[in-house]
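A short write-up of the structure that comes next.
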Amino acid sequence: MELSKNYIPSATEDRWYAHWLNKRYFNSRPDGRPAFTVVIPPPNVTGVLHMGHTLNETVQDILVRKARMSGYNACWVPGSDHASIATEAKVVGMLKERGIDKNSLTRPAFMEYAYEWKDKYGGIIYHQIRKLGCSVDWDRVSFTMDKDYYDAVIRIFVDLYQKGLIYRGARMINWDPAARTALSDEEVEYREEQGKLYYVKYKIDGEDTYIEVATQRPETIMGDTAICVNPSDERYLGLKGKSAIVPLVNRKVPIIFDTYVDPAFGTGALKVTPAHDINDYNLGLKHGLPIIDTLNEDGTLSAAAEILVGMERFAARKKVVEMLGAEGLLVKEEAHPTRIGFSQRTSAVVEPRISTQWFVKMKEMAEPALKAVTEGPITIHPGDKFLATYKYWLENVKDWCISRQLWWGQQIPAWYSPDGSLRVAATREEAWKLFAAGGGQRPAGQEAENAVGNRAAETVVGTDGKTFTMEDLVQDEDVLDTWFSSWLWPIEVFKGVTHPGNADINYYYPTSVLVTGQDIIFFWVARMIMAGLYYFPDSLPIEKRIPFRDVYFTGMVRDKQGRKMSKSLGNSPDLLELIEKYGADAVRFGIMISSPAGNDLLFDESALEQGRNFNNKLWNALKLVKMWEGRVQPEVEGAADHFAVQWFESRLASVRAELEKLYTDFRLSEALKTLYSLIWDDFCSWYLEWVKPGFEQAMDGGVYAKTVYFYEELMQLLHPFMPFITEELYHLLRERTDGDDLCVREFEAIGAFDAPVLAQGELLKEVITAIRDARNKAQIKPKEAIQLHIQTHVQATYQAIGTILVKQVNAQEILFTQDTQEGALTVVVGKDKFYLGIDRVVDLSSQKEEIQKELVYLKGFLESVNKKLSNERFVQNAKPEVINLERKKLADTEAKIRVIEETLAGL
RNA sequence: GGGCAGUUAGCUCAGUUGGUUAGAGUAUUUCCUUGACAUGGAAGGGGUCGUUGGUUCGAAUCCAAUACUGCCCACCA
């Protein structure tokens, strides 16, 4: 077969992926082998994979493929997340483009559009995962809104409610006026912005004096219900018991005193608006202040504002400033940097707002989740870089607001009767039974179960004395936070909630390792741990309840300038285009090569180029080996006696041991570097050159077989990182029987290596390099053969490597000499001297200079060693092996200096 | 404001319990194309390890201070 000049990825990648799928290599069923389980962090169903995902998926695939080739039953579960608010925002946007207002639709009609959107765009990420070569089990695709998954989420909600861990309450929450929904604290992103501080005068009631306050939000003035100053602030002591008049609306509000106020900030007086600021809200609670909510859900001013009703909040701010100015109440405005909260999903400025929401109590769930990481059995990689963050969050955790005023998501299973009371149950029927059974408004778990068993009544009399039927029950309009479904991911992808104790959950749970971005440590990682520990009974050992044993945090992918990759900056490259341009293996290589765990990665296309070049190198190495195939002669020399074979065999064994360690420590980028250098330098640059037969000469059969074996082993080691090309080359190398695919080939046991042989190989490399360097500098053309005389005390060293040496430096033959050859081109390596003979005069002056430089270096080195050894305290305190090492250094350096001085004298 | 990381060659990064005068890749320089590969080969130059002080016989490595960068948390109007 004719092999093309360069490797062409597009021609092979799809073919091999189809083959692997066809062979069902990625499909897993429980069996007698140990399981290696990974669940994919489900990407948003509407999104595309960005470089961050690419990094995560690549890391997971490397670990999964490595496990699969190491005797584990590897199972990688793919899937996607419905991402309630992000997706809903996109669907609303799509409807808008079609001229449809979401509010004009019924809920079921909207859901139809949403599913249409999901079906259309949801496939993109799966396509990308395929193109990247990910070995996921496609029979196990999960989606957080699948029927079973939905049920699981509802069950957990009901269960937590019955245990008293979920409650409904009025709280100040983060409100997204664009999406018109509550947000959790974690969904708010703060950014530093240049704001303004307005100084406003409030008239003191019944006096002709004013008190001045500073505010960033003059549009909330209409909601003021107090002015607050620090009780120790002497400027305001006279105001005790007095009131102020709120400008524009002329409402009388008390002046209160609280140490919360910082006298040094602004004027030392604070306007208190309990409805629109979390601190003011807390002050209001403490001092019993009324709450005047002056904003509507969409961020416009409400009727309670009295003025500017219906105006958008930022327009209103301008207007209020104008009006204050007109009334002479605006003293000044000054620039003031401030941090403003934005909705992570819609980028709208978040509004603190009081509303009734559902919450999960976090304190008691946090405790075991903290212990599972600080005291084991969960290990976070790298090291404990993130342990402190994790710990801090869990120790200071606040209740989790889980209701969202959206339609796309799991609808909260709470049912309201016309009198306003509610029951929590998975279905309307069950809720009705609870109503029919009577009892308290919030039945405890035991009562609820008994009630369900009762025969349902036709009608129930409400607390208001009116009767109602099951049909009158109204379900809560809100849906649950996306993370309230994601936190069940490692359990419910194996149907652990909907079909407890099934074979899959028993076999695959807990998963082996979670690979994810550090940015979702609270959103997701911590909560999955809580869910696992909550869901599985305490009677099980903790090792069985945690969702994963290891957590591997990947860093954030940034662009070359160090900026975060984002759609708005347009600096996130398209994955499919990159694969098109460089090939999937090269993309995987490029993203892995400089990506130590937990460190940010500066994405640079030149790394992908390096990956593509590596592909090409592998391809051409194969071509070389294949060229020899036709010239193979029966084994003459005996491969085992060939130094190159001995050396590479040992090299391979030692690197394999290194790689094992690197995998265990999750140092994947190091592992790839090690492999890259093993293949490019040791195998291609040295080994292949050493065994290469002369032009049109025969290839020794034994050496050839060994070379093919080495090549095969290298492909196998590299396969987890670069699956496509390695599989392709494995098959091009020689005919394979059906099912003999690299993808499922098990690694053989790691052999021992021969340290002296390795050292000799290093010496050989060093001598070759030194002689080539001398040839270069003396401008001896590569084709000019030299006479090579070696002056050494240990001739045996060069017996084994002589043949290789002669060929690699283009010498006619190798000759040993006892005498110093004066005036010859001389190379010194260690204590040995090499004389390069050539049939013409060479200028030795530059060589002399070189050697002189070397001498200066060695003398400096000798001095530093001497200094150490003549230091009494060093000799007293240092470990014996260190001292011995220094003594050896001293002797070696002295010997080298002698040789060099001799050489110089001879020149 | 609090906490956590990082600072090593032009650039991106290794450097695992302190012990050869600091290593890769990339970029760069010189030379080399009918013989696997120019997406290549051979060879070279390039760093007082952010700064200052301390511990030690010995510090890129440990400690303290400091500067800069990044991240997380808290959210003073």
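Reminder, nothing fancy here: chain letters follow the sequence lines and each chain counts from 1.
Side-chain atoms of Asn620(A) lie closest to A36(B) of the nucleotides A36(B), A77(B), G19(B). Among the nucleotides C71(B), C73(B), C37(B), the one closest to any side-chain atom of Met556(A) is C71(B). Out of C76(B), A36(B), G44(B), the shortest distance to the side chain of Asp773(A) is found at G44(B). The Ala878(A) side chain lies nearest to G19(B) when the options are A36(B), G19(B), U20(B). The Phe265(A) side chain lies nearest to A77(B) when the options are G41(B), A77(B), G19(B). Distance from the side chain of Phe522(A) is smallest for C72(B) among the nucleotides C72(B), U26(B), A74(B).
Cys228(A) comes within 4.0 angstrom of no nucleic acid atom, judged by non-hydrogen atoms across all strands. Residue contacts for Gln876(A): at a heavy-atom cut-off of 4.0 Å it reaches no nucleic acid atom on any strand shown. Contacts of Glu609(A) with the nucleic acid, taken as non-hydrogen atoms under 4.0 Å apart, are absent. Counting non-hydrogen atoms under 4.0 angstrom, Asn279(A) reaches the backbone sugars and phosphates but no base. Contacts of Arg772(A) with the nucleic acid, taken as non-hydrogen atoms under 4.0 Å apart, involve only primed sugar atoms and P, OP1 or OP2. Residue contacts for Ser606(A): at a heavy-atom cut-off of 4.0 Å it reaches no nucleic acid atom on any strand shown. Lys673(A) comes within contact range of the sugar-phosphate backbone alone, with a heavy-atom separation under 4.0 Å but no base atom that close. Contact annotation for Lys196(A): no contact, since no heavy-atom pair falls under 4.0 Å across all strands. At the heavy-atom level, Val261(A) lies under 4.0 Å from base atoms of the strands shown. Contact annotation for Ser669(A): no contact, since no heavy-atom pair falls under 4.0 Å across all strands.
Only the C1' atoms considered, A60(B) is 12 Å distant from A14(B), to the nearest whole Å. Here, G54(B) and A22(B) have their P atoms 24 Å apart, quoted to the whole Å. Nucleotides C73(B) and U39(B) have their P atoms positioned 47 Å apart, rounded to a whole Å. Between C57(B) and C62(B), the two C1' atoms lie 16 Å apart (nearest whole Å). For U8(B) and C13(B), the C1' atoms lie 9 Å apart once the distance is rounded to whole Å. Taking atom C1' in both U20(B) and C72(B), the straight-line distance is 41 Å, to the nearest Å. Only the C1' atoms considered, U12(B) is 25 Å distant from U30(B), to the nearest whole Å. Taking the C1' atom of each, A59(B) and U21(B) are spaced 14 Å apart, rounded to whole Å.
Between Lys661(A) and U16(B) there is no side-chain polar atom (N or O) within less than 4.0 angstrom of OP1 or OP2. The phosphate of A36(B) has OP1 or OP2 within less than 4.0 Å of a side-chain N or O from Lys692(A). When the side-chain nitrogen and oxygen atoms of Lys867(A) are compared with OP1 and OP2 of U20(B), none of them lie within a distance under 4.0 Å. Contact annotation: Ser864(A) does not reach the phosphate of U20(B) (side-chain N/O to OP1 or OP2, under 4.0 Å). In this structure, Lys5(A) reaches the A38(B) phosphate: one of its side-chain N or O atoms is under 4.0 Å from OP1 or OP2. Between Asn877(A) and C57(B) there is a side-chain N or O to OP1 or OP2 distance below 4.0 Å. Look at Trp680(A) and you'll find a side-chain N or O under 4.0 angstrom from OP1 or OP2 of G41(B). Listed pair Arg667(A) / G15(B) meets the phosphate criterion, a side-chain N or O lying under 4.0 Å from OP1 or OP2. Asn613(A) has a side-chain polar atom (N or O) that falls below the 4.0 Å cut-off from OP1 or OP2 of G40(B).
Note on Glu762(A) versus Lys765(A): salt bridge recorded, some NZ/NE/NH1/NH2 to OD/OE distance being below 4.0 Å. Between Glu351(A) and Arg353(A) there is no salt bridge, since no side-chain nitrogen of the basic residue lies less than 4.0 Å from a carboxylate oxygen of the acidic one. Look at Glu333(A) and Lys196(A) and you find a salt bridge, because one of the NZ, NE, NH1 or NH2 atoms lies within 4.0 Å of a carboxylate O, short of that distance.
Distance alone, capped at 3.5 Å, is enough to place a donor-acceptor pair between the Arg775(A) side chain and the Asn810(A) backbone. At least one donor-acceptor pair closer than 3.5 Å links the side chain of Asp262(A) to the backbone N or O of Ala264(A).
One cannot find a donor-acceptor pair under 3.5 Å joining the base of C37(B) and the side-chain atoms of Lys623(A). In the interface, the side chain of Asn6(A) is paired with the base of U39(B) through a donor and an acceptor atom under 3.5 Å apart. Looking at Glu689(A), its side chain comes within 3.5 Å of the base of A36(B) through a donor and an acceptor atom.
Counting to the nearest Å, the P atom of G19(B) and the CD atom of Glu881(A) are 13 Å from each other. Note: CZ (Phe683(A)) to P (A36(B)) measures 14 Å, nearest angstrom. Counting to the nearest Å, the C1' atom of C76(B) and the NE2 atom of His276(A) are 19 Å from each other. When rounded to the nearest whole Å, the span between NZ of Lys626(A) and C1' of C37(B) equals 17 Å. Taking atom CD1 on Ile256(A) and atom P on A77(B), their separation rounds to 18 Å, with Å as the unit. Between the CD atom of Gln610(A) and the P atom of A27(B) there is a distance of 9 Å, given to the nearest Å. The distance between atom CZ of Phe861(A) and atom P of U20(B), rounded to the nearest whole Å, is 9 Å. Atom CG of Asp262(A) is separated from atom C1' of A77(B) by 10 Å (rounded to the nearest Å).
Taken from CG in Asp585(A) to CD in Glu728(A), the straight-line distance is 10.5 Å, to the nearest 0.5 Å.
Toward the 5' end of RNA chain B, the nearer of the two residues Arg873(A) and Leu622(A), judged by each one's closest nucleotide, is Leu622(A). Comparing Leu602(A) and Arg612(A) against RNA chain B, the residue whose closest nucleotide sits nearer the 5' end is Leu602(A).
Using N1 to N3 plus N6-O4 or O6-N4 for Watson-Crick, or N1-O2 and O6-N3 for G-U wobble, each under 3.5 Å, A67(B) pairs with U7(B). Pairing partner, A42(B): U30(B), with both Watson-Crick or wobble hydrogen-bond distances short of 3.5 Å. Base-pair partner of A60(B): not found among the strands shown (Watson-Crick or G-U wobble, both distances under 3.5 Å). Summarising the base pairing, G18(B) is matched to no nucleotide, lacking a Watson-Crick or G-U wobble pair whose two defining distances lie under 3.5 Å.
Aromatic stacking of Tyr857(A) on U21(B): satisfied, with centres closer than 5.5 Å and planes within an angle under 30 degrees.
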Given the rule in the ring-ring contact (aromatic ring centres under 6.0 Å, His included) test, do Trp628(A) and Tyr704(A) qualify, once you have shown the distances and angles that lead to the verdict?
CA-CA 8 Å; Trp628(A) 298 338; Tyr704(A) 180 76; 7.2 Å; no
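Under the 6.0 Å cut-off for aromatic ring centres, Phe710(A) and Phe683(A) do not qualify, their centroids lying 6.0 Å or more apart.
Within 6.0 Å of atom CD in Glu872(A), 12 or fewer heavy atoms from other residues, nucleotides or ligands are found, so the atom counts as exposed in its surroundings. Within 6.0 Å of the CD atom in Glu784(A), the count of heavy atoms belonging to other residues, nucleotides or ligands exceeds 12.
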